[in-house]
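Throughout, protein chains are lettered first and strands after them, A, B, ... in sequence-line order, and every chain is numbered starting at 1.
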Amino acid sequence: VITYNTLVKAYGNEGKVKEAWDLFLEMKRNDCVPDMYTYNSLLQALLKTENVKEACNLVREMQQMGHTPNVIIYNSILSGLGKLGHIDAAWKLFEEMRTSCKPTVCTYNCLIDIFHKGGQLGVAFKIFEEMKQAGCTPDVYTYSSLITGLQKAGQLDEAHSLFRDMQVVGCLPNVVTYNSLIHGYCKAGKIEEAQKLFQEMSQSNCPPNQITYNYLFDVLMKEGQLERASELLKGAWKGAT
RNA sequence: UCCUACCA
């Protein structure tokens, strides 16, 4: 079964839903009982193709097989719904799962992500508070999502203070966190700030990635700082080798 | 063996 699960997941990641599905049928034919992992991988594949209907059917099928969807399954569906912009469906699902199982950090992170992308930053922060009260410690994902949200809303100061807060509570920022902040500064045309962060991340154990360079390169070009842009490219080359 | 975040 584990072998099958791994394969199904691999197909799913390639967007080969059809193959994944065939494999699923095949394992049933061979008297292999698909477990949570199998269902989950398949679910993800379906959600990737925006096939919410099929995904729901699958969940129903597994319930009939006597499997109770676990948190992880819920989480997958949540993020799937969120990506499709079905915010209220996602919220309803959350309420439902709250009654049957314990949400994880991932659950909250998905929700926060969904809401800030839907322009409901206020709601995102409410969830943030709620998860802390529920005894869930926000992690890097949580903070990065929120910072991205603030940054998109032009709330740079807020974003930056959140960035400080997370370090105070002992949560180390990673590349994504830095990138989000840098993105904010770039949009505001604050090259100096952005570059300061960039240096900071090189000094911590946080190697800048492609996205980091994209942001920085972009601003420098916009500001006509060709010199610095080419320096940046040199740095990127060195970092990549 | 399963779930979540940053540009295009």
> Between B:U4 and A:Lys117, is there an OP1 or OP2 to side-chain N/O distance shorter than 4.0 Å?
Replying inline: no
> Between A:Lys152 and B:C7, does any side-chain N or O lie under 4.0 Å from OP1 or OP2?
Replying inline: yes
> Would you say A:Tyr74 and A:Glu96 make side-chain contact, with heavy atoms under 4.5 Å?
Replying inline: yes
> In whole Å, what is the span from the CG atom of A:Asn109 to the P atom of B:U4?
Replying inline: 11 Å
>> Going by ring pair (Phe, Tyr, Trp, His ring centres under 6.0 Å), name the residues that satisfy it together with A:His183, two or more places apart in sequence or in a different chain.
In response: A:Tyr215
>> Under 4.0 Å from OP1 or OP2 of B:C6: is there any side-chain N or O of A:Lys187 that close?
In response: no
> More than 12 heavy atoms of other residues, nucleotides or ligands under 6.0 Å from NZ of A:Lys28: is that the case?
Replying inline: yes
>> Below 4.0 angstrom, which residues in residues 90-105 of chain A have at least one non-hydrogen atom near RNA chain B?
In response: none
> Once you round it to whole Å, what is the distance between C1' of B:U4 and CD1 of A:Ile127?
Replying inline: 13 Å
> Less than 5.5 Å between centroids and less than 30° between ring planes, does A:Tyr37 satisfy that with B:C2?
Replying inline: no
>> To check you understand the geometry: which heavy-atom pair defines the closest contact between A:Pro69 and A:Val59, and what is its length?
In response: CG-CG1, 4.2 Å
> What class does the angle between the rings of A:Phe128 and A:Phe125 fall in, given that below 30° is parallel, 30 to 60° is tilted and above 60° is perpendicular?
Replying inline: perpendicular
> Which is true for A:Asn214 with a 4.0 Å heavy-atom rule: it touches a base, it touches only sugar-phosphate, or it touches nothing?
Replying inline: base
